[in-house]
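Report on one structure; see the data block that follows.
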Amino acid sequence: MTSVSGLQQSQRPARIRARKLAAIAAVLGGVVLATAVRAVDDVTLHIERVDGDGWSASDVAVDLGLPEKNALVRARVGKLNVPALSQTLTDVRIECPSLDVSGDVIACAKARVLADWPALGKQSLDARLSYGRADGSLDVALQGLRVGDGRIALQGTLRDAGWNAKVRLQRVPIDRLMKLAADLKAPVPELTATGLADLDIVARGKQTNLGEAKVTGALLELTANNEEGSLASDKLSLHVDASVRGSAQQWTFDVAVKSSQGQAFAQPIFVDLSAHAMSLRAQGKLTDGKSLTLDRFTLDHADVAQVSGRGRLQLDLEQPLRDVDVELSSLTFPGAYESYLQPLLIDTNFKSLQTAGSIGGKLSMADGEPRRIDLRFNDVTFDDGAGNLNLSTLSGDWHWLADATGDDSDEDDAPPSRTMQVAPSQLKWQGGALLGLDLGASELNFSTQGRQFRLTQPARIPLLDGSIDLETFRVRNAGLPGVAFLVDATLQPVSVQKLCKAFGWPEFGGRIGGAISKLRMREGIVTLGTTLRAQVFNGEVTISDLRLEQPFGQWPRFYSSIALNNLDLEPMTSAFSFGRITGRLSGAINGLELFNWTPIAFDARLYTPPDDRSRHRISQRAVENIGSIGGGGAGVTAALSSGFLRFFDDFNYDRLGISCRLHNEVCVMDGVAPAANGNYYLVKGQGMPRIDVIGSSRRVDWPRLVEQLLAATQSEGPVLQ
């Protein structure tokens, strides 16, 4: 056997450019010619470095066996660098049972390749290889590339003009695929993911730059999440059809994604794609990796939403959404509530609404700010099941325009500006409930522009067995600390019994109604410009000097003065289980101040009117409860439990009353008349049988007094033996 060692005879290391491989080809040609006369049995070539277009190899050893026909080739490459892959393969071994050497190419149709790929480990592949003698091009087709339990087939071409590749992924684990992409220095989202990829990829580019790519196929059973927990999916399957084209400065794309299996979560929105399939398509461009322009997008979320439009996002801004024009073909309930709204309401009383109907319309945004909203409500119904929020078959149009420069008056009662550009809005409903109060069918005509709302026509809203007649309703600076509103309305008499039942209060008779004039809020303070009157317990209650500070704050303060005129005690005491009292009651609660809805100051005086000619009777239970409030409970109980008084159910009285001036949680108390030893009468008896209730405590702890009052209304009263 004769051996030839090529390209190692020179005095200095050889460095051979790809195009100079023509010399090697000439040697090979000569060697092949020599085989015709059996002059040479095999040839061994040692090459320090070979550079081709888009690839380079170093430490190359080639063994050529020379049979009668084509050559048998075994090659070892110490390092094979392909910049397009951002990888260097080591210890590459190629075995070609039949090398085809022609005038144009050196090729092997059935090669076996063994290589150690840093991202994939050791691989054994079937390959088809072809080297262009004239241009240094390289054509490669690889089969059997293993990634976990999946397989990848690759067909690629490296030429002066760049590279082309076709890749088929069959059930490749997504976590291994993401690691491979990261090793190849491709952009990879910061996610932990499992699942499988079945994809076909066709791409072209130059060196490490991608010029164009098309991806079709599916991601199967994708379960992923990010470290913050704001993105997640469970067994999500996606069909993908995407193409991108461009350069490092700008990419154009056309992406279509469909899914009908699995769940996805993007805080706070959760979608069950098994229940509501989704398809999304977007076309646009990405410039400098920061500006994303959507020339057209469509979303079809089955039985939930159908949306189309265009937009622009600036990804390096805290609020990236800059310009949007959206056409909402349909937002369908209950799907839209379950998918989009319910997650936002999960910590509220509206987390389990029953909904129906649909909403359509258009929305637009410019320079990161909303500009216009036009919505059509089609028989929208929502019901919390508890009567706190229920609106049936809401229909109509709502129009909103951003710029309120045409109506910027600081006066709450200023007339509407003629320059307002927004179209009038109208909403109507068939019925409903709010905070337990039944609402009847009604209609609102209004306009909204900027942060302003104005009722444009009077409206009547049926409430229980009465109504609220709105004459004026205006809001300025909605959503800002300086929010203000003005209301002029008339409350047509409503049954107090129905009102109490709705709120779960003790039920009693009477009706409440009256004018609510200039109820306004400015600079966080609510005031009432008139006196509110209510007919209750066959008498009258008036509320004046109403003032509410920080109504939407953490610590609201409420001020008012309340006057009571000639109230009938019998229905009032029966309603509160205090014990039966007949007669009338007048009085006042002046300087009432509540902090976080708890009384902290007032000057109250309640008494029998001097001109009351009604029958005055008081039950044993009421006597004992009044006595306990004034500090004389023990004496009263003893009197009622012994002697002849125990045989009577009720007693006559001349007059009764109590006063309390509250300050610093201490109530300074008095009654209707002074009694001996510095005490005071709470109930001054008269006739037979007669009983007096005398208070002895002048200063009473307010929290304790409240406890006594609550106990008095909840106890079953004294039991007489």
I'd like a table of donor-acceptor pairs (distance under 3.5 Å, sequence neighbours excluded) in which one partner is a side-chain atom from residues 193-203, with atom names and distances.
| unit_1 | atom_1 | unit_2 | atom_2 | d |
| --- | --- | --- | --- | --- |
| Asp198 | OD1 | Arg171 | N | 2.5 |
| Asp200 | OD1 | Arg168 | NE | 2.7 |
| Asp200 | OD1 | Arg168 | NH2 | 3.4 |
| Asp200 | OD2 | Arg168 | NH2 | 3.4 |

Where do [X] and [Y] come nearest, in terms of heavy atoms and distance?
X      : Y      : answer
Gln263 : Asp272 : NE2-OD1, 3.1 Å
Leu286 : Phe253 : N-CE2, 4.1 Å
Trp251 : Gly211 : CZ3-O, 4.1 Å
Met365 : Leu321 : SD-O, 3.7 Å
Ser352 : Gln342 : CA-NE2, 4.1 Å
Val380 : Ser358 : CG2-O, 3.3 Å

Enter the distance from [X]:[atom1] to [Y]:[atom2] here, rounded to the nearest 0.5 Å.
X      : Y      : atom1 : atom2 : result
Thr90  : Leu80  : OG1   : CG    : 10.0 Å
Asp288 : Gln314 : CG    : CD    : 9.0 Å
Ser259 : Leu238 : OG    : CG    : 5.0 Å
Ile359 : Ser330 : CD1   : OG    : 9.0 Å
Leu142 : Leu154 : CG    : CG    : 5.0 Å
Phe270 : Asp234 : CZ    : CG    : 8.0 Å

Taking everything shown except [X] itself, do over 12 heavy atoms lie less than 6.0 Å from its [atom1]?
X      : atom1 : answer
Asp303 : CG    : no
Glu227 : CD    : no
Arg128 : CZ    : no
Asp295 : CG    : yes

I'd like to check [X] versus [Y] (side-chain heavy atoms, cut-off strictly below 4.5 Å). Are they in contact?
X      : Y      : result
Leu345 : Thr348 : yes
Leu280 : Val255 : no
Leu273 : Leu236 : yes
Leu231 : Phe265 : no
Asp139 : Leu129 : no
Thr381 : Leu394 : no
Ser308 : Arg296 : yes
Ile152 : Val167 : yes

When you look at Asp325 and Arg310, which way does the salt bridge (charged side-chain N to carboxylate O under 4.0 Å, His left out) test go after all the steps? CA-CA 5 Å; Asp325 286 302; Arg310 61 182 183 85; 2.6 Å; yes
Output yes when [X] and [Y] qualify as a salt bridge under the 4.0 Å nitrogen-oxygen rule, no when they do not.
X      : Y      : answer
Asp300 : Lys258 : no
Asp126 : Lys110 : no
Asp63  : Arg74  : no
Lys79  : Asp91  : no
Asp397 : Arg376 : yes
Lys235 : Glu221 : no

How would you list, by chain and number, every residue that makes a side-chain hydrogen bond (donor to acceptor under 3.5 Å, both in side chains) with Arg245, sequence neighbours excluded?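 side-chain hydrogen bond (donor to acceptor under 3.5 Å, both in side chains) list for Arg245, sorted by chain: Glu212.
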Check whether [X] reaches the backbone of [Y] with its side chain - one donor and one acceptor, N or O, closer than 3.5 Å.
X      : Y      : result
Ser260 : Ala277 : no
Ser425 : His399 : yes
Trp400 : Gly450 : yes
Asn378 : Gly357 : no
Ser233 : Ala224 : yes
Arg322 : Gln319 : yes
Arg146 : Lys122 : yes
Arg281 : Ala256 : no
Ser339 : Ala336 : no

Using the side-chain contact (heavy atoms from CB on, under 4.5 Å) rule, take Trp398 and Asp374 through it: C-alpha gap first, then chi angles, then the decisive distance, then the call. CA-CA 6 Å; Trp398 174 43; Asp374 298 283; over 6 Å; no
Without hydrogens or angle criteria, can the side chains of [X] and [Y] be said to hold a donor-acceptor pair below 3.5 Å?
X      : Y      : value
Thr287 : Gln250 : yes
Ser291 : Arg312 : no
Trp163 : Thr157 : no
Ser395 : Asp379 : yes

Please state whether the rings of His276 and His301 are parallel, tilted or perpendicular, taking 30° and 60° as the class boundaries.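 If you compare the ring of His276 with that of His301, the planes turn out perpendicular.
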Residues in ring pair (Phe, Tyr, Trp, His ring centres under 6.0 Å) contact with Tyr337, at least two apart in sequence or another chain: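 Testing Tyr337 for ring pair (Phe, Tyr, Trp, His ring centres under 6.0 Å), a comparison that skips the adjacent residues, returns none.
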Under the salt bridge (charged side-chain N to carboxylate O under 4.0 Å, His left out) criterion, do Arg49 and Asp59 qualify, and how do the steps go? CA-CA 6 Å; Arg49 181 180 175 90; Asp59 189 17; over 6 Å; no
Would you sort out whether Val92 and Leu114 count as a side-chain contact (heavy atoms from CB on, under 4.5 Å), showing the intermediate values? CA-CA 6 Å; Val92 180; Leu114 288 83; over 6 Å; no
Pair Leu125, Gln143 - check side-chain contact (heavy atoms from CB on, under 4.5 Å), show working. CA-CA 6 Å; Leu125 311 171; Gln143 296 284 342; over 6 Å; no
Candidates Ile94, Val62, Ile106 - the one meeting side-chain contact (heavy atoms from CB on, under 4.5 Å) with Val73: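 The side-chain contact (heavy atoms from CB on, under 4.5 Å) with Val73 is passed solely by Val62 among Ile94, Val62, Ile106.
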Before you tell me yes or no, could you show the steps for Asp241 and Lys214 under side-chain contact (heavy atoms from CB on, under 4.5 Å), namely the whole-Å CA-CA distance, both residues' side-chain angles and the distance that decides it to 0.1 Å? CA-CA 8 Å; Asp241 189 348; Lys214 183 174 179 60; 3.2 Å; yes
